[in-house]
Amino acid sequence: MALPFAPSRDWQLKPPRHRPADRLWLLVLLTLGALGLRLVWLQVLQGSHHRQLADENRLRTLASPPRRGRLLDRHGELLAGDVVSFRLVLNTQEVEDRRWPGLRQRLSRVLRRPAADLEQRRRAGNPQDSYRTTLVERLTAADITRLQEKAVELPGVSVEPSFRRQYPHGPLAAHVLGYTSPISAEEHSDLGPHGYRLQDRIGRSGLEAAFERRLRGRWGGQVVEVDAAGTVQRHLAERSGGSGQDLQLTLDLPLQEQAEAALASVGRGAVVLMDARDGAILAIASRPGFDPNLFSDHLDPQVWAQLNGSAAPLQNRALQAFPPASTFKVITAMAALESGRLGSDGRLETSDRFCRGGRCFRDHGRFGTIGFGRAMAVSSNSFFYRLGLRTGPELIASAAQRLGLGSQTGIELSLEEGRGVVPEPDWKKRLFGQDWYEGDTINTAVGQGSLLVTPLQLARLYAAVGNGGRLVTPHLLRDSTARDLQRPLRLQPHTLETLRRSLREVVTSGTGTALAGGLPPVAGKTGTAEDPPRPDHTWFVGFAPLQDPEVVVVSFAQNSGGFGGTVAAPIARQVLRAYFSARSRERTPASTSP
């Protein structure tokens, strides 16, 4: 069928004709839209992130390490302190990977160090600080001069001050002072929230560990603005740090030197010199020793292995427990006197052999029927075997615990101090499931068997006998409140008098005659402890002057062989002589010229 009319050509659809200008405008609009979307993404959605990155590129925090507090002796002499050193730091964000090989080679020439060492330090880096890596810990003065001369050729590195712990007297008093070492990455996860950084050192032993919080100080630093080359343009903010607290100790440096010199006559052992009136430690030495300065630098693995070897030089033997041998007879005598099992004038038979329950226990001689004074002077084992059985293990253990044995003394080095062992029937049943026998009482009465006591515990015990029955608290800080922590034992006057008289007889006519002359009157006791199959330990413990004791001294020689009177007593004599010579000089007024 035909249409009523036919469309003209003007009505026919035609494809649009695009002019070049239209295409250009479309491209501009698409480009502007893409840029707008990108700006929204960068400035709105990701704005805070990029502002942070910009600030990190523009702002730098220059940290200021804290100075650790000093350790001083009672006269103010320096025992441990920080010295300034300088280290070379790589600013890692300023040195791209492609620039590092050239910089490494230039540093190697300037510092005259293998490039491989610098590479190793850079690779190790610091996972907690993405901006800085320490390439060299300790720069010499010559290193610093050469670095300054070549500074233009060494962009991205800087010389920064740091502190290094120094012990000017080397091994002297090392066990008391302790040492520091850097914290590990594992430790940092726990210590970081408390203000520690991976560059920090922390006390590992001795007073360095015991007073870490007081000694460590507080980090400070500056926030600065830098240009593209890393040059500081201006200072924006500063946070002041703080030095650690100085601690003045009760130690007397000259007496410490004399104690360690006296102890040098034996391979292993300990010396304690303590004020018998208030527990202030004047000298405390342990042998073998170590140099804490070794830990101020990178410690060689071989050196660390030696420090942890069989000689155990890191062990503070003044705080470790050993069998006390005859020095414990004071406790057996005290238990008998306080309980009335034997009076002050009581006497017991002695013999060179004492047999009980099918076992025989030896003595080093027959001394007849004797009392406390003679028994203590000649150190008659058979007297104390009989006295121990008459008194009983419970009373002996009770007296020992009353005098502080079997527990820590209260000294600040509690993390390293042993408690020792005071055996008694319940203890043996609980620990070993075994009954107590008379042989156990016999061994305990003369300081053998399972009994273990530290040199510091013996110092505290004998100080109580000398000072009239007050159990003092040993302490190393001069301003410590521990000097006021004294427990009255309420011992009967006749007990103290008998013990002091007996201990004086040890020195005047017994096994301790090495201390009989050239000193104020000394009272004390020797001891020779069996340690099979090794040689015996030897002991001397005493106080002086007799009537009004100022100091108590303990000398201990581990596996030295010999006897307490011939090995340990001469060590104690040398220490007491040094103390009273110093006291004499203090009391003598200085002469003046006319």
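All values derive from a computational prediction rather than experimental measurement.
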_Tell me whether the count of non-hydrogen atoms from other residues, nucleotides or ligands lying under 6.0 Å of CZ in Arg500 goes above 12._
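More than 12 heavy atoms, drawn from other residues, nucleotides or ligands, come within 6.0 Å of this atom.
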*Hey, is CD on Gln434 packed in by over 12 heavy atoms from elsewhere, all under 6.0 Å?*
yes
Could you work out, with salt bridge (charged side-chain N to carboxylate O under 4.0 Å, His left out) as the rule, every residue matching [X], not counting sequence neighbours?
| X | answer |
| --- | --- |
| Arg201 | none |
| Glu530 | Arg362 |
| Arg577 | none |
| Asp278 | none |

Please report the interatomic distance [atom1]([X]) to [atom2]([Y]), rounded to the nearest 0.5 Å.
| X | Y | atom1 | atom2 | answer |
| --- | --- | --- | --- | --- |
| Thr538 | Phe563 | OG1 | CZ | 10.5 Å |
| Leu491 | Leu496 | CG | CG | 5.0 Å |
| Ser380 | Glu349 | OG | CD | 10.5 Å |
| His475 | Thr481 | NE2 | OG1 | 9.0 Å |
| Asn381 | Leu387 | CG | CG | 12.5 Å |
| Leu172 | Glu257 | CG | CD | 5.5 Å |

*Going through the checks in order, is the side-chain contact (heavy atoms from CB on, under 4.5 Å) test met by Val522 and Phe580?*
CA-CA 12 Å; Val522 179; Phe580 285 109; 5.8 Å; no
Donor-acceptor pair, [X] side chain versus [Y] backbone, under 3.5 Å?
| X | Y | value |
| --- | --- | --- |
| Ser581 | Ala578 | no |
| Asn467 | Ala276 | yes |
| Asp426 | Lys428 | no |
| Gln457 | Ala321 | no |
| Ser398 | Glu394 | no |
| Thr444 | Pro393 | no |
| Ser382 | Ser351 | yes |
| Ser286 | Arg317 | yes |
| Arg419 | Ser407 | no |
| Asp73 | Leu253 | yes |

Are [X] and [Y] close enough for a salt bridge, meaning some N to O gap below 4.0 Å?
| X | Y | value |
| --- | --- | --- |
| Arg164 | Asp82 | no |
| Glu417 | Arg460 | no |
| Asp531 | Arg534 | yes |

Among residues at least two apart in sequence or on other chains, which ones pass side chain to side chain donor-acceptor pair (under 3.5 Å) with [X]?
| X | value |
| --- | --- |
| Arg501 | none |
| Asp345 | none |
| Gln306 | none |
| Glu208 | Arg68, Arg165, Tyr167 |

With heavy-atom distances below 4.5 Å as the criterion, would you say the side chains of [X] and [Y] are in contact?
| X | Y | value |
| --- | --- | --- |
| Leu476 | Ile411 | yes |
| Thr454 | Leu319 | no |
| Leu503 | Phe543 | yes |

*Show your working on salt bridge (charged side-chain N to carboxylate O under 4.0 Å, His left out) between Glu187 and Arg204 and close with a plain yes or no.*
CA-CA 13 Å; Glu187 290 174 316; Arg204 299 295 185 183; 2.7 Å; yes
*Evaluate side-chain contact (heavy atoms from CB on, under 4.5 Å) for Phe328 paired with Leu458, printing each intermediate quantity in order.*
CA-CA 8 Å; Phe328 186 79; Leu458 282 179; over 6 Å; no
*Of all residues at least two apart in sequence or in a different chain, which pass the side-chain contact (heavy atoms from CB on, under 4.5 Å) check with Ser502?*
Phe372, Met376, Thr498
_The test is side-chain contact (heavy atoms from CB on, under 4.5 Å); show your working for Thr180 and Phe295 and say whether it passes._
CA-CA 7 Å; Thr180 66; Phe295 296 91; 5.8 Å; no
Under a plain distance cut-off of 3.5 Å, with no hydrogens placed, do [Y] and [X] share a side-chain donor-acceptor pair?
| X | Y | answer |
| --- | --- | --- |
| His494 | Gln492 | yes |
| Thr511 | Ser379 | no |
| Thr332 | Lys329 | no |

*So, do Phe361 and Phe354 have ring centers that fall under 6.0 Å from each other?*
no
*asked:* One pair to check against side-chain hydrogen bond (donor to acceptor under 3.5 Å, both in side chains): Arg74 and Gln248. What are the steps and the verdict?
replied: CA-CA 6 Å; Arg74 67 190 300 111; Gln248 188 167 24; over 6 Å; no
*Could you walk me through whether Thr526 and Trp539 pass the side-chain hydrogen bond (donor to acceptor under 3.5 Å, both in side chains) check?*
CA-CA 5 Å; Thr526 60; Trp539 293 87; over 6 Å; no
*List the atom of Ala399, the atom of Ala335, and the distance in Å for their closest heavy-atom pair.*
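In terms of heavy atoms, the two residues are closest at CB-CB, 3.8 Å.
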_Under the criterion side-chain hydrogen bond (donor to acceptor under 3.5 Å, both in side chains), I'd like the reasoning laid out for Tyr579 against Glu550: C-alpha separation, chi angles, the key distance, then a yes or no._
CA-CA 10 Å; Tyr579 170 80; Glu550 297 178 16; 2.6 Å; yes
_Evaluation steps, side-chain contact (heavy atoms from CB on, under 4.5 Å), between Val465 and Val330_ = CA-CA 9 Å; Val465 175; Val330 167; 4.1 Å; yes
_The criterion is ring-ring contact (aromatic ring centres under 6.0 Å, His included); which residues satisfy it with Phe367, sequence neighbours excluded?_
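If we apply the ring-ring contact (aromatic ring centres under 6.0 Å, His included) test to Phe367, skipping adjacent residues, the hits are His364.
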*Could you tell me which residues satisfy ring-ring contact (aromatic ring centres under 6.0 Å, His included) with His537, sequence neighbours excluded, listed by chain and number?*
Phe322, Phe556
*Can you tell me which residue pairs pass the ring-ring contact (aromatic ring centres under 6.0 Å, His included) test with a partner in residues 392-428, sequence neighbours excluded?*
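Every pair satisfying ring-ring contact (aromatic ring centres under 6.0 Å, His included) with a residue in residues 392-428: Trp427-Phe432.
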